[in-house]
Amino acid sequence: MRDRTGRAAAGLDWRLVLPVQRADRAKTRLLAPDGVSRPELARAIALDTLDAVCRALPPGRVTVVTADDGAADRAREVGARAVPDPGRGLDEAIRRGLDDAALQVGGESGAGRPAPGWAVMLGDLPALRPEDLREALARCAALDRAVVPDAEGTGTVLLTSTRGIPRPRFGAGSAARHAVDATRLDLDLPRLRRDVDRAEDLQEALLLGVGARTRAALGSTAA
């Protein structure tokens with residue numbers, strides 16, 4: 001498939017940045033079930049997201065930006081890059097990861113290399129499957145810039161660009177901000193679009209099917 005400029009929609013060398021907040025500061029709006037540690041649950045959700053991403057893409061094309069030792073250790077274990085969170089908010093963390101990914105691309109010069117595609121995904125998608133991300137990126141590949149909103153349609157779960165590094169504008173209402181210069185894709189991929197911020201979101205994710213770490217963190221409450 002080709003877009004209106006004639007650019008091939010396949011064969012992009014995707015580089016994905018995954019910011020992961022330190023577990024003790026993550027998901028403060030999420031009321032964990034009785035007996036479940038919110039930090040442990042938040043880390044489990046992030047690691048399930050990371051594992052799905054690294055099964056969808058070559059792990060060396062994934063950059064995890066985090067101050068969480070557990071997330072950094074897991075990133076290195078699976079072959080992803082781990083860079084420190086500068087501690088100046090989500091957008092700055094994402095920019096740090098994109099800068100690192102760009103340096104890696106710049107150091108891999110060679111004729112015939114596929115063009116890079118840039119992607120940002122947040123680490124709160126415990127129901128994500130590798131095939132969901134691959135399908136989403138295939139749809140995004142034909143567009144200069146794309147944004148996939150969350151299940152509510154207001155936040156952003158995936159931001160991509162095939163024309164240079166994207167500009168992150170995350171936070172409440174980010175889908176509308178990203179859609180100013182990106183094509184909005186309301187994809188029929190509920191597992192990819194179900195981010196988790198509240199207990200209700202977690203229940204929906206459980207119905208879709210969450211990863212092994214999230215199930216383990218929830219224990220008997222996941223039944």
Side-chain angles (χ1 to χ4, degrees), residues 1-21 46 49-69 71-123 125 128 130 133-148 156-171 174 177-183 185:
M1 181 173 65
R2 293 178 179 271
D3 69 1
R4 62 183 180 276
T5 67
R7 182 174 67 253
L12 286 171
D13 183 17
W14 285 105
R15 308 295 174 121
L16 187 142
V17 171
L18 186 76
V20 175
Q21 196 169 21
T49 307
L50 170 61
D51 284 353
V53 167
C54 288
R55 292 196 302 272
L57 295 173
R61 288 341 194 215
V62 178
T63 299
V64 178
V65 187
T66 189
D68 187 84
D69 290 340
D73 289 346
R74 180 58 181 167
R76 297 186 187 100
E77 182 181 337
V78 298
R81 295 182 58 78
V83 299
D85 187 333
R88 296 191 295 272
L90 179 56
D91 283 350
E92 283 298 319
I94 292 168
R95 280 190 278 268
R96 173 71 177 84
L98 289 167
D99 287 347
D100 182 84
L103 286 174
Q104 297 306 308
V105 170
E108 298 173 1
S109 59
R113 288 183 60 250
W118 308 95
V120 178
M121 173 169 276
L122 301 190
L125 307 174
L128 179 69
L133 178 55
R134 286 192 292 264
E135 181 176 345
L137 290 176
R139 293 285 302 276
C140 294
L143 300 165
D144 286 354
R145 296 176 184 84
V147 53
V148 180
T156 300
V157 294
L158 180 64
L159 178 68
T160 69
S161 173
T162 61
R163 295 293 189 187
I165 293 174
R167 178 185 173 189
R169 304 177 181 92
F170 283 84
S174 64
R177 290 192 296 277
H178 288 137
V180 169
D181 59 3
T183 300
L185 294 177

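- Taking the charged nitrogens against the carboxylate oxygens, Arg96 and Asp85 have no contact shorter than 4.0 Å, which rules out a salt bridge.
- Looking only at side-chain heavy atoms (C-beta outward), Leu18 and Thr63 stay at 4.5 Å or farther from each other.
- You'll find the side chain of Pro19 stays beyond 4.5 Å of the side chain of Thr66, heavy atoms only.
- Considering only heavy atoms from C-beta on, Leu185 comes within 4.5 Å of Cys140 through its side chain.
- Nearest heavy atoms, Arg163 versus Arg145: O-NH2, 3.8 Å.
- Considering all non-hydrogen atoms of both residues, Gly97 and Val83 come closest at CA-CG2, 4.5 Å.
- Arg15 places none of its side-chain heavy atoms less than 4.5 Å from the side chain of Val62.
- Closest heavy-atom contact between Leu158 and Ala136: CD2-CB, 3.8 Å.
- Contact check for Ser161 versus Arg167: no side-chain heavy atoms found under the 4.5 Å cut-off.
- Considering every non-hydrogen atom in both Pro166 and Leu98, the closest pair reads O-CD1, 3.7 Å.
- A donor-acceptor pair is defined here as one N or O able to donate and one able to accept, closer than 3.5 Å; no such pair exists between the side chain of Thr162 and the backbone of Gly117.
- Taking both residues in full, the closest heavy atoms of Val65 and Pro84 are given as CG1-O, 3.9 Å, listed atom of the first, atom of the second, then distance.
- Taken from CZ in Arg74 to CG in Asp69, the straight-line distance is 15.5 Å, to the nearest 0.5 Å.
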Exercise for the section: Run the numbers on Asp13 and Arg61 for side chain to side chain contact (heavy atoms under 4.5 Å, CB included), then give the verdict. Expected result: CA-CA 8 Å; Asp13 183 17; Arg61 288 341 194 215; 3.0 Å; yes
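- Shown here are the side-chain contact (heavy atoms from CB on, under 4.5 Å) partners of Arg177, two or more places apart in sequence or in another chain: Arg169, Ser174.
- Residues Asp91 and Phe170 approach most closely at OD1-N, 3.0 Å, considering heavy atoms.
- Taking OG1 of Thr183 as the reference point, atom CG of Leu143 lies at 4.5 Å (rounded to 0.5 Å).
- Between Thr160 and Leu137, some side-chain heavy-atom pair lies under the 4.5 Å cut-off.
- For the atom pair Met121 CE and Leu125 CG, the distance stands at 5.5 Å (nearest 0.5 Å).
- Annotation: side-chain contact (heavy atoms from CB on, under 4.5 Å) contacts of Ala56 (sequence neighbours excluded): Pro130, Leu133, Arg134.
- Contact check for Val17 versus Asp100: no side-chain heavy atoms found under the 4.5 Å cut-off.
- Legend: residues meeting side-chain contact (heavy atoms from CB on, under 4.5 Å) with Asp73, ordered by chain and number and at least two apart, are Arg76.
- Looking at Leu50 and Val64, their side chains come closer than 4.5 Å, going by heavy atoms from C-beta outward.
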